[in-house]
Protein chains: 2
Amino acid sequence: MTTRALPQPDREEIRVETVLQALGEPVRLQIVRALADAPEGIACGDIELPVTASTRAHHLRTLREAGVLSTHTEGTRRISTLRREDLETLYPGLLTGILAAQR
Amino acid sequence: MTTRALPQPDREEIRVETVLQALGEPVRLQIVRALADAPEGIACGDIELPVTASTRAHHLRTLREAGVLSTHTEGTRRISTLRREDLETLYPGLLTGILAAQR
DNA sequence: CGACTAGTTCGACGTTGATCGTACTACGAT
DNA sequence: ATCGTAGTACGATCAACGTCGAACTAGTCG
């Protein structure tokens with residue numbers, strides 16, 4: 001089995017506008033919430049979403065490039081995790097605030 | 001002189017996706033930052049923005065309808081203020097986190 | 001190897017959204 | 001009442017985005 005990490009921005013490259021724009025999309029917010037409930041990460045396909053696989057891939061890429069999540073390959077699966085620490089350092093309280101909203 | 005408030009969503013009507021989407025636009029984020037620096041409110045036209053008056057009006061409306069700011073008329077000027085308390089109640093930490101980002 | 005599975009990439013399509021100019025409204029001052 | 005100022009509403013335009021299906025890549029298991 002192979003394990004590899006996908007390219008993502010460094011902490012200092014993360015921009016607020018990009019993060020907010022990424023989070024301001026219902027499906028992506030749903031993904032972030034799913035990830036928040038799974039601290040150890042979750043496989044893309046295991047998140048229930050009302051979109052096709054290709055759209056899901058698109059959203060995950062957007063979130064990763066915005067710096068919201070990390071993805072690494074484990075065999076044929078791609079495990080995504082929230083970049084909690086980076087986000088908390090850059091924008092303390094932001095994630096908490098967002099997740100506090102009732103679904 | 002006349003004073004009147006413009007229609008805006010009640011606190012319980014505010015939706016996270018809408019707020020995040022509103023904040024995820026550079027010009028609007030700039031407006032929010034200007035408002036954060038002026039707790040007593042600020043007249044629309046006094047915010048320096050790289051867009052025309054009509055575009056500015058559009059963004060202010062978007063932010064107001066999202067529940068991010070309040071606007072009330074004072075004579076011919078429209079004074080906008082951040083809805084800090086409502087946002088803090090709904091999404092504690094969100095605003096702080098966003099404003100913590102260096103410009 | 002070949003078949004299967006997980007996921008991505010690409011191109012197309014339709015919708016949304018940011019922007020502008022122009023026309024309009026509302027208020028205050030003269 | 002008339003003029004000037006602050007700001008909004010409308011319609012048009014163009015770019016960005018979410019969505020999909022189909023083709024592709026990469027890994028696992030027989």
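Letters A, B, ... are given to chains in the order of the sequence lines, protein chains preceding strands, and every chain is numbered from 1. Here the structure is a predicted model, which means the values were calculated and not measured.
- Atom CG of A:Leu6 is separated from atom P of D:dG27 by 11 Å (rounded to the nearest Å).
- For B:Glu88, there are no side chain to side chain donor-acceptor pair (under 3.5 Å) partners, not counting sequence neighbours.
- Of the residues in residues 42-52 of chain A, those with a non-hydrogen atom less than 4.0 angstrom from any atom of DNA chain D are A:Val51, A:Thr52.
- Between the CD atom of B:Glu74 and the P atom of C:dC27 there is a distance of 13 Å, given to the nearest Å.
- Shown here are the salt bridge (Lys or Arg N to Asp or Glu O under 4.0 Å) partners of A:Glu25, two or more places apart in sequence or in another chain: there are none.
- In this structure, a donor-acceptor pair under 3.5 Å is absent between the side chains of B:Ser70 and B:Thr81.
- Residues satisfying the side-chain contact (heavy atoms from CB on, under 4.5 Å) test with B:Ala36, not counting sequence neighbours, are B:Leu82, B:Arg84, B:Leu99.
- Between B:Arg4 and C:dA26 there is no side-chain polar atom (N or O) within less than 4.0 angstrom of OP1 or OP2.
- For A:His59, the side chain to side chain donor-acceptor pair (under 3.5 Å) criterion is met by A:Arg28, not counting sequence neighbours.
- Listed nucleotides D:dG7, C:dT8, D:dT19 differ in distance to B:Arg78; the shortest reach to its side chain belongs to D:dG7.
- A salt bridge (charged side-chain N to carboxylate O under 4.0 Å, His left out) check over residues 40-51 of chain B, counting only residues at least two apart or in different chains, returns the pairs B:Asp46-B:Arg77.
- Under the side chain to side chain donor-acceptor pair (under 3.5 Å) criterion, B:Thr96 pairs with no residue, sequence neighbours left out.
- One interatomic measurement links the two molecules: CD1 of A:Ile79 to P of D:dG27, which rounds to 15 Å at whole-angstrom precision.
- Listed pair B:Arg77 / C:dC27 fails the phosphate criterion, with no side-chain N or O lying under 4.0 Å from OP1 or OP2.
- For B:Gln21, the side-chain atoms get nearest to C:dG17 when compared with the rest of C:dT8, C:dG17, D:dG18.
- In this structure, the side-chain contact (heavy atoms from CB on, under 4.5 Å) partners of B:Leu90, at least two apart in sequence or on a different chain, are B:Arg11, B:Ile14.
- Straight-line distance from the CD1 atom of B:Ile31 to the P atom of C:dA18: 11 Å, rounded to whole Å.
- Within residues 55-70 of chain A, the residues approached by DNA chain C to less than 4.0 Å at the level of any non-hydrogen atom are A:Ala57, A:Arg61, in residue-number order.
- Counting distance only, with no hydrogens placed and no angle test, the side-chain atoms of A:Ser54 and the base atoms of D:dG21 include a donor-acceptor pair under 3.5 Å.
- B:Tyr91 places a side-chain N or O within donor-acceptor distance of the main-chain N or O of B:Val16, the cut-off being under 3.5 Å.
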